[in-house]
Amino acid sequence: MICPLITKSGAHTDLLLDYTAGRLDDDERIRLERHMEECPACASFRMEQAAVWEALDLWEPAPVSMDFNRRLWQRIESAVATPWYRSLAESLRFANWKPLIPLTAAVLVIAAGFVFDHPARRTAVSGMTIREADQVEQTLDDIDLLHQLDAVVLPASGGSKTM
């Protein structure tokens, strides 16, 4: 059975917690007790919370030593005085490095592939240097530009060619 109080909001849990803590007024307490007689989910929650409160009532914390505050402040001051790089080294000392091994290997393989696929300088094909190839390309571009200039100048002069 689904409790209608549960479906409304999280306020239902707060109401039950207030009930087990004894913070409800008499009207709300009586109304909730009537509801819990019919709702097994709320009754179960009440019993579980009652068990928690009883366990907390029985629990006795260990006594605090007389010099607790002094030792606490000394530890805080020593932590503040420690340089940041020592704190970092201390935290890394207990780090689990095993997950980083496959990641490091993958990065190295990718870097090696990039380096071998893109060498710093390429050699020219058929014994021609890169500088010579650039000069040939520039010469061909110049010839192409002259042909375009000729095509524009000849029709404008009436089609006659004089040499």
Side-chain angles (χ1 to χ4, degrees), residues 1-134 136-138 140-141 144:
M1 176 177 163
I2 298 175
C3 177
L5 293 176
I6 292 175
T7 58
K8 288 182 181 176
S9 67
H12 171 66
T13 307
D14 294 339
L15 184 66
L16 287 171
L17 289 173
D18 287 342
Y19 173 79
T20 55
R23 292 186 287 228
L24 293 179
D25 61 9
D26 290 337
D27 292 337
E28 286 181 312
R29 183 181 51 80
I30 291 170
R31 186 171 50 94
L32 191 58
E33 285 176 351
R34 284 187 195 144
H35 170 75
M36 285 189 279
E37 289 173 2
E38 298 173 3
C39 181
C42 293
S44 172
F45 186 85
R46 174 185 58 182
M47 290 174 41
E48 292 168 358
Q49 286 300 309
V52 169
W53 280 95
E54 287 176 24
L56 287 173
D57 287 340
L58 295 175
W59 179 66
E60 292 187 29
V64 177
S65 64
M66 296 300 287
D67 65 338
F68 175 79
N69 285 345
R70 181 181 55 78
R71 288 186 298 128
L72 176 65
W73 284 109
Q74 284 176 346
R75 286 183 66 188
I76 291 171
E77 288 172 2
S78 69
V80 169
T82 305
W84 66 270
Y85 54 87
R86 286 199 180 153
S87 299
L88 179 65
E90 184 68 27
S91 65
L92 291 177
R93 183 183 319 167
F94 297 108
N96 187 3
W97 293 95
K98 283 187 180 181
L100 294 178
I101 293 172
L103 179 65
T104 305
V107 167
L108 289 175
V109 167
I110 291 170
F114 183 77
V115 167
F116 290 126
D117 189 43
H118 298 88
R121 64 179 190 134
R122 296 200 182 246
T123 58
V125 180
S126 71
M128 182 183 279
T129 65
I130 294 175
R131 184 173 181 186
E132 291 171 342
D134 285 340
V136 169
E137 183 180 3
Q138 183 65 39
L140 289 174
D141 286 342
D144 187 40

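Worth saying up front: this structure is predicted, and the values here are computed from it rather than measured. Side chains are part of it too, since the values below use all heavy atoms of this structure and drop only hydrogens, waters and symmetry mates.
Residue R71 comes nearest to S65 through the heavy atom pair NH2-OG, 3.1 Å, listed as atom of the first residue, atom of the second, then distance. Residues T20 and R46 come closest through the heavy atom pair CG2-O, 4.0 Å.
Taking the charged nitrogens against the carboxylate oxygens, D134 and R131 have no contact shorter than 4.0 Å, which rules out a salt bridge. The existence of a salt bridge linking R29 and E33 is confirmed by a sub-4.0 Å separation between a basic side-chain nitrogen and an acidic carboxylate oxygen.
Separation of atoms CD1 (I130) and CD (E137) is listed at 12.0 Å; rounding is to 0.5 Å. For the atom pair CD1 (I30) and NE2 (H35), the distance works out to 16.0 Å, reported to the nearest 0.5 Å. The CG atom of D27 lies 12.5 Å from the CG atom of L32; values are rounded to the nearest 0.5 Å. To the nearest 0.5 Å, atom OG of residue S44 and atom CD of residue Q49 are 10.0 Å apart.
Side-chain contact between L24 and L15 is present, with at least one heavy-atom pair separated by less than 4.5 Å.
Remark: side-chain polar atoms of D25 are paired, donor with acceptor, to backbone N or O of E28 under 3.5 angstrom.
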